[in-house]
Amino acid sequence: MTARAHAADVMNRARPGHRTLDAEVEQVRREARRRFGGFVLDVANPGSHFRNKERRPLDNRVFEQAGALGLLGFSLPAEIGGEGRDKLAWGVVVEEVARLSRDPGFAVLLDISVEITELILSSGTPELIEAYVPDLVAGRRFGVQGAYESRDPYDYRSTARLDGDTWVLNGAKRFLAGAAFADLFVLFLRDEASNDMLAFLVEKDDPGVTPVSMDTMGMHTMGLGQVILHEVRLPRTRLLWRADALSELNTYARIRRTMSACGVLGALDGVVENCVEALSARRRGGRRVLDYPNVERSVGELRMLLQSARASVYRALDGTRSPDRDPYFDEFATVAKHHASECALRVGRLVMSLQGGEAYMSAFPWERFMRDILGLISGQGSQEMLLMQLGQRTIVGLEGRRVREEAAERAVAKLADGWWALHAVAHEGGGEFADAARAVVAAAGPATVIAASGPTAPDADAGDAEARGAVAALLDRAHALVAAVRAGRPPEALPEGPAGLFGGRLAGLAEGAWGLLACGVARETGLLARLLQPCTAREAAGDLPPALAEGLLEALVGASVAHRDGEGRYAAAEGLERVLIGGPRASAFAARLRRALDGGARLRGRKPDPGGAAPAGCGGEAAPLADALVNSLLGRLEGLPGLLDRPGAQVGCAAGDGGRSAVELARHIPFVPVLALEPEPVAADAVLVGGGGGGEVRVRVAGPAGFAEGDRLALAWLPAAGLPAGELRPAVEAAVAALLPGGWVVLPCPLPPKRPLGAAAARLDLALAGGRVPDDGEVEGVLAAAGLGHVRAAWDDAALGLRLVAARRPA
């Protein structure tokens, strides 16, 4: 008989032998208690209350005993006598020491000494390492870092100047933990000559060095103070970093924030445990205080705050083991430090409420916890500063991602420049596309050394004719590949490319054209999408012949559409993820590639597949435009949301793309009827059915006669690129007549690149798709002439190459 399955068996599936982060942390915590717990409880804790009351710092001998136990060397390299444990393990040790300690500053000071040792090690200076590191690891010396001046690092008042072979230091550093009893200081100062930031190792006994204690609200045993430097003369060997010490400081601050959060977390854990224990013996009204629901609720919040802080801190600790971690700014460390501090403040307030009058008495630990936690908060950046840095990081990160995405799409668009340039060069004779082809050749520049008028022109020589023939043969191989792949008969290998065929400017254009071909074929076969995750050539191939897949991959790498790592795995360019994961941008990307391939085939006299690419703003490119209309523009087109809600209101679409634009509008504006104006052979009053993520949608077809005055359109959608010259004005006038008062006309229009070749290529691309680029100001002029107001370019996307021009019918 099969045992009955339980919900936990189904929901909590895990790989056999999987070890969670919590389990790893718990193992280190037990080790820390076993090895160091007795030391904290028996050596560091006794006398802590009176040390705090008398504002006396810890005795340096405590650090010597910590060194003898191996506590200071726990995370330091084995070659200097440490154990080489990672920062996750060290963070858990710091947390556990802080939890057991009656002095919340003790764990902080331990970590500061460890990180000063790491700073000296990172200098790579043998003299400094030999002179100071053994004593620091053993606890015989204690070192602290000083950078804080409430000023920009390159605006420090503390300076260093080189006088012969001696550095002369002047200035002051304040708010240094352990300054009152430290033996040495790592100080960051500004070089007077270069304005660069430098770091020096300064001993407390160096002439001109004066440590001064500070009177603070809390943290009385940490020896907080400042260091004053007056004409302190140091040998060159005391210079830790000869340049760019700011990077080292940022690295130090990154890990200090994480460890500071560990200290806060341990103090939190200890105060919550002690608070509940202190309340367990109290009774009120014949009942234990802990049995009252409001007290239970407060204790529950204490636990929630503790676990919330713990999750944030452990995530930051785990991130220290990632090789991809930013060496200078750790977002998770910053979040952990800020969040742990905020949780500690809330815990302090709850504890004070639960403890009543005792919370305000210095004889009990609660008042001291509040004072000391405020001191921990100010270290490694104030709460406001942390939020500012996170905000700056977020803004820069998001903007950087958008720049990378746009750059990736533009890189593919530039490949299309070469594609269209080669087709224009190979184009023979006149016809409706001759002018557009000649404009592309002219924009490509005279370096192509090929006349646009054909090989029979009087000025054409044998070299030109030979080059034209090579271009034509290359393009014929390209289109044969596309046809074979679409027919389900891909060749065994990629046809011969342009390598070695051309020189000068023409060679670069040919490489771009071949990259565009590889990009289009890779997208249609699914190979490009498989590169969202790094994979080998065999994994990327899918059903394609391996040699063909490898050839496509190398062409993509050459075009910077993909890259290959040291292990031979391929991945798409980072910014292309947006157009490969699916959604409106992906459909537009696919539409542009397909339009280029089909347009080139048409220019070569080949017949593209049925249902070829639509003009810009139609077909597959309608999806991102409909998305932009609803999610970016709807609230900016005054009165449109209300009109769409009006009974009987409709959306009119005159895209002429077989109803694809109308279906996209229906998907994005559900429950509002969409009326599609489509030419024959679609019959009037027919119903178009389209699918999508939101399910089936239906669109009524108005037929080619045009919109009627009774159509009650709240919105008229008129892609201008699909309208031949001379038809824009009557189309706008017909739409205006069908608009409700206050209704809007929106015209998707092409937005050609600013580069001359890109603009000429875009015009040829559109001409082959049956569209055109309206003249500058043409669309706005037609809308104004039709009596519409609020005429404006409401939205544009240079990477997409499209803009939306909107105008409103007066109410």
Side-chain angles (χ1 to χ4, degrees), residues 583-584 587 617-618 621-657 659-678 685-703 706-720 722 731-749 779 783 786-797 802-811:
S587 67
C618 302
E621 289 185 313
L625 296 179
D627 182 73
L629 171 70
V630 172
N631 294 305
S632 298
L633 287 183
L634 195 59
R636 299 175 187 171
L637 300 181
E638 295 85 355
L640 181 57
L643 281 180
L644 291 171
D645 288 337
R646 185 176 296 182
Q650 298 187 97
V651 172
C653 177
D657 58 0
R660 293 184 66 185
S661 292
V663 168
E664 287 297 334
L665 289 170
R667 289 181 60 226
H668 285 82
I669 312 176
F671 314 118
V672 178
V674 175
L675 186 63
L677 182 63
E678 293 291 333
D685 297 323
V687 175
L688 298 175
V689 179
E696 185 179 88
V697 296
R698 293 177 178 268
V699 176
R700 186 167 66 86
V701 180
F707 297 123
E709 189 171 346
D711 284 337
R712 294 177 56 81
L713 300 183
L715 170 68
W717 187 264
L718 304 176
V732 169
E733 291 173 349
V736 171
L739 278 179
L740 291 167
W744 284 85
V745 177
V746 177
L747 290 90
C749 302
V779 172
L783 293 172
L788 298 174
H790 295 84
V791 180
R792 61 182 184 270
W795 177 90
D796 66 70
D797 189 315
L802 293 168
R803 65 183 182 128
L804 295 177
V805 180
R808 180 175 182 267
R809 177 180 175 179

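Note that this is a predicted model, so its numbers are computed, not measured.
In this structure, CG on Asp627 lies 4.5 Å from CG on Asn631, to the nearest 0.5 angstrom. One distance of note links CG of Leu637 with CG of Leu715; it measures 8.0 Å at 0.5 Å rounding. Distance check: Arg792 CZ to Arg808 CZ gives 10.0 Å after rounding to the nearest 0.5 Å. With values rounded to the nearest 0.5 angstrom, Leu629 atom CG is found 6.5 Å from Leu634 atom CG. The structure places NE2 of His668 at 10.0 Å from CG of Leu625, a figure rounded to the nearest 0.5 Å. One finds the CG atom of Leu644 at 9.5 Å from the CG atom of Leu740 (value rounded to the nearest 0.5 Å).
Arg712 places a side-chain N or O within donor-acceptor distance of the main-chain N or O of Pro647, the cut-off being under 3.5 Å. In this structure, Trp744 contributes its side chain and Gly639 its backbone to no donor-acceptor pair below 3.5 Å. A donor-acceptor contact shorter than 3.5 Å links the side chain of Arg809 to the backbone of Leu739.
Partner of Trp717 under the side chain to side chain contact (heavy atoms under 4.5 Å, CB included) criterion, chosen from Leu804, Leu677, Val674: Leu804.
Nearest approach of Ala649 to Val672, heavy atoms of both residues: O-CG1, 3.8 Å. The heavy-atom pair separating Ala714 from Leu640 by the smallest distance is O-CD1, 3.4 Å. Heavy atoms only, all atoms of each residue included: Pro584 and Ala623 are closest at CB-C, 3.7 Å. The minimum heavy-atom distance between Cys618 and Pro719, with the atom names listed, is SG-CB, 3.5 Å. Across all non-hydrogen atoms, the minimal contact from Cys749 to Val779 is SG-CG2, 3.9 Å.
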Requested in this report: Take Leu747 and Leu718 through the test side-chain contact (heavy atoms from CB on, under 4.5 Å) and record every step on the way to the result.
Outcome: CA-CA 5 Å; Leu747 290 90; Leu718 304 176; 4.1 Å; yes
